[in-house]
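See structure below.
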Amino acid sequence: MTIYVGNLSYDATQNDIQEVFSEYGTVKKAHLSTDRETGRPRGFAFIDMGSDAEEEKAIAELDGAEWMGRTLKVNKARPREN
DNA sequence: GTTGAGCGTT
């Protein structure tokens with residue numbers, strides 16, 4: 001499973017996000033999506049944790065939490081292909 | 001400022 005993280009501060013980096021999620025388990029992958037044209041962050045990211053239990057915990061703990069001045073939106077990600 | 005890439009072809 002992959003976690004979607006939205007409403008991120010534009011100051012947040014992929015590494016920042018990984019550190020926050022590491023608090024609730026092993027972060028296998030952290031991806032901060034940026035605008036391909038401008039290179040600026042789009043304000044959302046995807047996280048892969050070591051286990052579903054860790055992911056569920058991270059979602060439960062971080063959804064709605066304030067981080068870097070923004071209230072995070074955290075939930076299960078959709079598959080990239082629709 | 002809410003769902004991921006690529007841009008020499010989706």
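Order of the sequence lines fixes the chain letters, A, B, ..., with proteins taken first and strands second; residue numbering starts at 1 for each chain.
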message: When you compare the ring of Phe44(A) with the six-membered ring of dT2(B)'s base, are the centres less than 5.5 Å apart and the planes under 30° from each other?
response: no
- prompt: Mind checking the C1' distance from dT10(B) to dG4(B)? Whole angstroms is fine.
  reply: 15 Å
Length of the line joining Asp63(A):CG and dT2(B):C1', which is rounded to integer Å: 12 Å
task: Select base, sugar-phosphate, or nothing to describe what Leu8(A) touches, counting heavy atoms under 4.0 Å on all strands.
output: base
- request: Mind calculating the distance between CZ (Arg70(A)) and P (dT2(B)) to the nearest angstrom?
  value: 9 Å
query: Roughly, in whole Å, what's the span from CD in Gln14(A) to P in dG4(B)?
result: 15 Å
task: Measure from CZ on Arg80(A) to P on dT10(B) and round the result to the nearest Å.
output: 16 Å
- request: Check every strand shown and say whether Arg40(A) touches a base, only sugar-phosphate, or nothing at a heavy-atom separation below 4.0 Å.
  value: nothing
query: How many angstroms lie between atom CD1 of Ile47(A) and atom NZ of Lys29(A), to the nearest 0.5 angstrom?
result: 12.0 Å
statement: Closest to the 5' end of DNA chain B, once Ser9(A) and Arg42(A) are matched to their nearest nucleotides, is Ser9(A)
Separation between the C1' atoms of dG8(B) and dT2(B), rounded to whole Å: 32 Å
field: Working for side-chain contact (heavy atoms from CB on, under 4.5 Å), residues Arg42(A) and Thr34(A)
entry: CA-CA 5 Å; Arg42(A) 294 180 65 191; Thr34(A) 54; 5.5 Å; no
Between CD on residue Gln18(A) and CG on residue Asp48(A), distance to nearest 0.5 Å: 11.0 Å
- prompt: What's the CD-P distance between Glu37(A) and dG6(B), to the nearest Å?
  reply: 11 Å
- line: Separation of dT2(B) atom P from Tyr10(A) atom OH, nearest Å, is 7 Å
- request: Would you mind reading off the distance between Phe46(A) atom CZ and dA5(B) atom P, rounded to a whole angstrom?
  value: 9 Å
query: Rounded to the Å, how far apart are His31(A) NE2 and dT2(B) C1'?
result: 15 Å
message: Using every non-hydrogen atom in the two residues, find where Leu32(A) and Phe44(A) come nearest and quote the distance to one decimal.
response: CD2-O, 3.7 Å
message: So, taking the atom named CZ in Arg70(A) and the one named CG in Leu8(A), what distance separates them when rounded to the nearest 0.5 Å?
response: 9.0 Å
